Amino acid sequence: MPKVATQASVSLDGFIAGPENGGFEYLFAWCRAGDVEVPTAVPGRSYKVAEASADYVRDMIEGYGALVVGRNQFDGMDGWGGEHPMRVQVFVVTHSVPEGWAPESDKFVFVTEGGVKAAIDQAKAVAGDKTVGVGPGVVAREALEEGLLDEVRIDLVPFMLGDGVRFVDTLGTAPMKFGDPQVIQGNKVTHLIYPVETNE
């Protein structure tokens, strides 16, 4: 059974995007803060990270078999130009299929019924034994509330953005319990991998 994990670069004050959907030069500065080159599925696009971050990034690139994202993230990234850079199938939780897009393809599936749970179930079916990645924000919050996540990965960066979009907002099932994190110290980032514990 594939693991289900959410992951995001997060500022010290808890934001995954700053005011007016900015701040990404700070949130992702760690992706260019080292000497170890880690190629992505997109030719010519690579991470350049510290040695300590390299295996973490490789696991993210090679270990994910499918992604689940919300409509806001899909729209904000303009559908990644027609294919996600990780080259995996993406399941988009939405109320309606965006104009000009097929409801289902080998690149994107628009899940209009059943919400996050239905999207994660469909993603698991194609991920094999690889991880299902869940986008941050509303989708991650709903997955946490429904007990669908196994792991939370935070790339904590040494910046504060002051305002913006939170990693998880208005969690309805708080307090929520997590195990001790695996800690990986890179350049301009601390990777924290928290296992999700049941509240039983």
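Bear in mind that the values here come from a model prediction, so they are computed numbers and not experimental data. Along the sequence shown, residues carry numbers from 1.
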Considering only heavy atoms from C-beta outward, does the side chain of [X] approach that of [Y] to under 4.5 Å?
X	Y	answer
V152	F178	yes
Y194	L192	yes
T173	L144	no
I193	E151	yes
V109	Q122	yes
H95	T112	no
K130	P2	no

Got a second to check how far [X]'s [atom1] is from [Y]'s [atom2], nearest 0.5 Å?
X	Y	atom1	atom2	answer
L149	T6	CG	OG1	6.0 Å
F167	I154	CZ	CD1	5.0 Å
I184	S53	CD1	OG	7.5 Å
F24	L161	CZ	CG	9.0 Å
W30	T190	CH2	OG1	11.5 Å
Q182	R153	CD	CZ	8.5 Å

Next on the checklist: Run the side-chain contact (heavy atoms from CB on, under 4.5 Å) test on V49 and V38 for me, step by step, so that the C-alpha distance in whole Å, both residues' side-chain angles and the decisive distance to 0.1 Å come before the verdict.
Outcome noted: CA-CA 8 Å; V49 294; V38 181; 4.2 Å; yes
Main-chain N/O of [Y] paired to [X] side chain as donor or acceptor, under 3.5 Å:
X	Y	answer
S105	K107	yes
N187	A33	yes
R141	G172	no
T40	R45	yes
R166	D13	yes

Checklist entry - Would E37 and S46 count as a side-chain hydrogen bond (donor to acceptor under 3.5 Å, both in side chains) if you check the C-alpha gap in whole Å, the side-chain angles of each, and the deciding distance to 0.1 Å? => result CA-CA 6 Å; E37 187 167 353; S46 298; 3.1 Å; yes
Item to check | Step-by-step side-chain contact (heavy atoms from CB on, under 4.5 Å) determination, Y47 to I61 | outcome: CA-CA 11 Å; Y47 287 79; I61 292 169; 4.0 Å; yes
Restricting to non-hydrogen atoms, name the atom on [X] and the atom on [Y] that form the minimum distance, rounded to 0.1 Å.
X	Y	value
S9	F28	OG-CE2, 3.4 Å
A5	Y64	CB-OH, 4.3 Å
S11	M160	CB-CA, 4.4 Å
E197	G179	OE2-CA, 3.3 Å
I16	A8	CG2-CB, 3.8 Å
P195	D180	CD-O, 3.5 Å

Next on the checklist: If you apply the rule side-chain contact (heavy atoms from CB on, under 4.5 Å), what do you find for V68 with V139, and how did you get there?
Outcome noted: CA-CA 8 Å; V68 174; V139 172; 4.0 Å; yes
Report whether [X] and [Y] are members of the same hydrophobic cluster (ILVMFWY, side-chain heavy atoms less than 4.5 Å apart, transitive linking).
X	Y	answer
V69	V4	no
V93	V126	yes
V189	F159	yes
V168	L67	no
Y26	V165	no

Item to check | Test log, rule side-chain contact (heavy atoms from CB on, under 4.5 Å), inputs M60 and Q7 | outcome: CA-CA 9 Å; M60 181 174 63; Q7 179 270 338; 3.8 Å; yes
Item to check | Salt-bridge present (K188, D155; N to O < 4.0 Å) | outcome: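 A salt bridge is absent here (no side-chain N lies under 4.0 Å from a carboxylate O).
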Flag yes if more than 12 heavy atoms outside [X] fall under 6.0 Å of its [atom1] atom; otherwise flag no.
X	atom1	value
E146	CD	yes
E25	CD	yes
E20	CD	no

Next on the checklist: Taking the six-membered ring for Trp, are F74 and F108 closer than 6.0 Å centroid to centroid?
Outcome noted: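 Under 6.0 Å, so yes.
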